[in-house]
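Since we're looking at a predicted model, the values are computed, not measured. Order of listing sets the numbers, starting from 1, for every ligand and every atom in it.
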Amino acid sequence: MSPSAAIRTHGIRRSYAARKGFLFNEIVRTDALKGVDLEVNSGEIFGLLGPNGAGKTTLTKILSTLLLPTEGHAEVLGLDVVKDAPRLRPRIGLVLGGERGLYNRVSARENLRYFADLYGVPTAERAGRITEVLDRVGLTESADRRVEEFSRGMKQKLHIARGILHRPELLFLDEPTIGLDPKSARETRKLVRSLVADGVTIFLTTHYMFEAEELCQRIAVLTRGRIVANDTVQGLSRLVGGDRTLEVEGYGFDDAEVEVLRRLPGVSRLKYEEFGPRIRYTLRVRTSELTPPTVQASLPGHRELAIRERRTSLEDIYLDLVEEEAA
Ligand SMILES: Nc1ncnc2c1ncn2[C@@H]1O[C@H](COP(=O)(O)OP(=O)(O)O)[C@@H](O)[C@H]1O
Ligand SMILES: [Mg+2]
């Protein structure tokens with residue numbers, strides 16, 4: 001393992017067996033991870049991006065020693081996540097988020113006291129450390145209020161405060177902005193950036209491309225248990241052929257017309273979507289020759305076409321990757 005690698009995984013697989021059926025006598029296996037290899041550099045924000053059910057939480061739990069892999073192995077901070085789990089745990093932080101995992105009847109400060117105790121923060125340092133993390137996440141003023149009065153965003157900040165209380169070198173954040181209002185989500189992203197500025201390595205999962213793009217140096221796209229891309233934001237932009245996108249919208253296309261669109265010179269992908277009665281074909285285009293007028297001219301019989309040109313976004317690339325795998 002190179003000295004700068006904070007995480008390295010080799011062929012991680014994980015399957016779940018769940019009982020289903022009338023008498024719960026049917027065992028259904030889900031292969032949540034189907035051989036994951038990746039490397040995260042020390043000091044970076046690494047984004048694991050994927051739709052719901054892709055396996056993000058499963059991988060996060062394996063890397064943070066909460067769950068055992070079915071196959072393969074992973075080293076985090078140079079330690080094996082299975083064999084060295086007890087030595088690894090004090091050096092990492094995990095924020096799974098959501099409403100669970102906090103004590104609602106007591107204050108934020110009391111929650112942190114409990115966790116400081118659990119994490120073995122030395123007694124003499126405890127109060128100071130709690131004040132420091134409350135300040136860090138912007139909860140100083142609400143520190144002595146009961147958590148049940150907290151908004152979703154405040155609870156998420158408290159989760160992060162809990163996750164950094166023992167000063168981990170590496171922090172796992174599983175969908176840290178899910179369910180937050182836009183302002184809280186922005187504050188959370190700002191907090192993530194400030195942590196990395198202090199030298200904490202961040203492994204973050206999200207299903208929002210823009211969030212990964214905004215925060216992360218490198219992004220791996222996970223879909224159905226497989227990594228389908230792993231690159232820098234710039235590298236991802238080059239991944240899918242062509243950087244122009246044309247949207248062709250109309251009220252119904254026959255097979256011959258669709259074939260014409262597909263065969264236009266420079267078209268690398270064609271995507272179909274319905275918007276009520278309107279149908280939209282999105283064309284990923286590699287050449288600069290194909291323009292709205294040339295597309296219009298290729299479908300002479302088709303009236304009421306609306307053709308728009310726009311830049312291909314990373315969101316488009318992400319959707320291409322995810323849809324390609326699903327197809
Ligand atoms: N405890 C479990 N038992 C059975 N199946 C599970 C369990 N946890 C997750 N899964 C399944 O594994 C797949 C990956 O889930 P998960 O890791 O939660 O994905 P993500 O976090 O990307 O949404 C999904 O198909 C999910 O239904
Ligand atoms: Mg998840």
Side-chain angles (χ1 to χ4, degrees), residues 7 9-38 40 45-74 76 81-82 92-102 152 155-156 159-160 162-163 170-180 184-185 188-189 192 202-213 215-216 218-230 236 314-315 317-327:
I7 298 177
T9 78
H10 310 265
I12 293 281
R13 291 177 173 271
R14 170 72 205 202
S15 41
Y16 294 104
R19 284 182 179 276
K20 285 215 175 120
F22 176 57
L23 294 169
F24 292 98
N25 54 358
E26 191 187 328
I27 293 183
V28 181
R29 275 171 64 94
T30 307
D31 295 318
L33 297 174
K34 299 170 185 159
V36 169
D37 298 297
L38 51 83
V40 174
I45 309 185
F46 184 89
L48 182 69
L49 177 67
N52 283 333
K56 302 182 297 297
T57 299
T58 301
L59 185 59
T60 306
K61 286 182 171 172
I62 289 171
L63 296 177
S64 58
T65 80
L66 282 192
L67 194 68
L68 295 174
T70 308
E71 263 180 56
H73 63 277
V76 173
V81 294
V82 178
I92 58 174
L94 170 65
V95 179
L96 286 176
E99 296 280 336
R100 294 164 62 186
L102 296 170
R152 243 343 268 280
K155 284 183 184 168
Q156 182 62 349
H159 272 298
I160 296 176
R162 177 186 56 72
L170 171 63
L171 185 63
F172 293 95
L173 294 169
D174 191 21
E175 306 221 38
T177 63
I178 195 166
L180 298 188
S184 305
T188 302
R189 287 195 288 273
V192 171
I202 310 254
F203 181 93
L204 174 142
T205 78
T206 179
H207 64 264
Y208 302 120
M209 180 73 226
F210 81 90
E211 184 163 278
E213 186 184 355
L215 286 176
C216 303
R218 289 192 310 124
I219 297 171
V221 179
L222 183 72
T223 168
R224 300 183 177 212
R226 286 199 175 88
I227 303 281
V228 293
N230 185 355
L236 278 179
L314 271 172
E315 188 77 35
I317 293 171
Y318 169 47
L319 292 175
D320 281 353
L321 285 167
V322 169
E323 283 160 12
E324 199 164 296
E325 182 67 13

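Rounded to the nearest 0.5 Å, atoms NZ (Lys34) and CG (Leu222) are 9.5 Å apart.
Atom 16 (P) of ligand 1 has Thr58 OG1, 3.7 Å as its closest protein atom, hydrogens excluded (heavy atom only). The single protein non-hydrogen atom nearest to atom 9 (C) of ligand 1 is Tyr16 CE1, 3.3 Å, given as residue, atom name and distance. Counting protein heavy atoms only, atom 25 (O) of ligand 1 is closest to Thr30 CG2, 3.7 Å.
Every residue two or more places apart in sequence or in another chain that forms a side chain to side chain donor-acceptor pair (under 3.5 Å) with Thr205 is listed here: Asp174.
Heavy-atom proximity to atom 12 (O) of ligand 1, evaluated over Ala54, Ala32, Gly55, is greatest for Ala32.
Residue Thr57 has at least one N or O atom closer than 3.5 Å to an N or O atom of ligand 1. Remark: ligand 1 and Gly53 share an N or O pair separated by less than 3.5 Å (distance only, no angle test). Taking any N or O of Asn52, backbone or side chain, none lies under 3.5 Å from an N or O belonging to ligand 1. Distances between N or O atoms of Ala18 and those of ligand 1 include no value under 3.5 Å. Some N or O of Lys56 is nearer than 3.5 Å to an N or O of ligand 1, by distance alone.
Looking only at distances, no side-chain donor or acceptor of Glu71 sits under 3.5 Å from a matching main-chain atom of Gly11. A donor-acceptor pair is defined here as one N or O able to donate and one able to accept, closer than 3.5 Å; no such pair exists between the side chain of Lys155 and the backbone of Arg100.
Neither the backbone nor the side chain of Ala17 comes within 4.0 Å of ligand 1, counting heavy atoms alone.
For atom 27 (O) of ligand 1, the nearest protein heavy atom is 4.0 Å or more away.
With contacts defined as side-chain heavy-atom distances shorter than 4.5 Å, the pair Leu319/Met209 does not qualify. Side-chain contact check for Phe203 versus Leu59: some heavy-atom pair is nearer than 4.5 Å. Contact annotation: the side chain of Leu67 approaches that of Tyr16 to within less than 4.5 Å [non-hydrogen atoms, C-beta and beyond]. With a 4.5 Å cut-off on side-chain heavy atoms, Phe46 and Ile7 do not count as touching. Side-chain contact between Leu63 and Val40 is absent, with no heavy-atom pair separated by less than 4.5 Å.
Listed by number with element, the atoms of ligand 1 under 4.0 angstrom from any heavy atom of Pro51 are 22 (O).
Backbone or side-chain N, O or S atoms of Thr58 do not reach the Mg ion (ligand 2) at under 2.8 Å.
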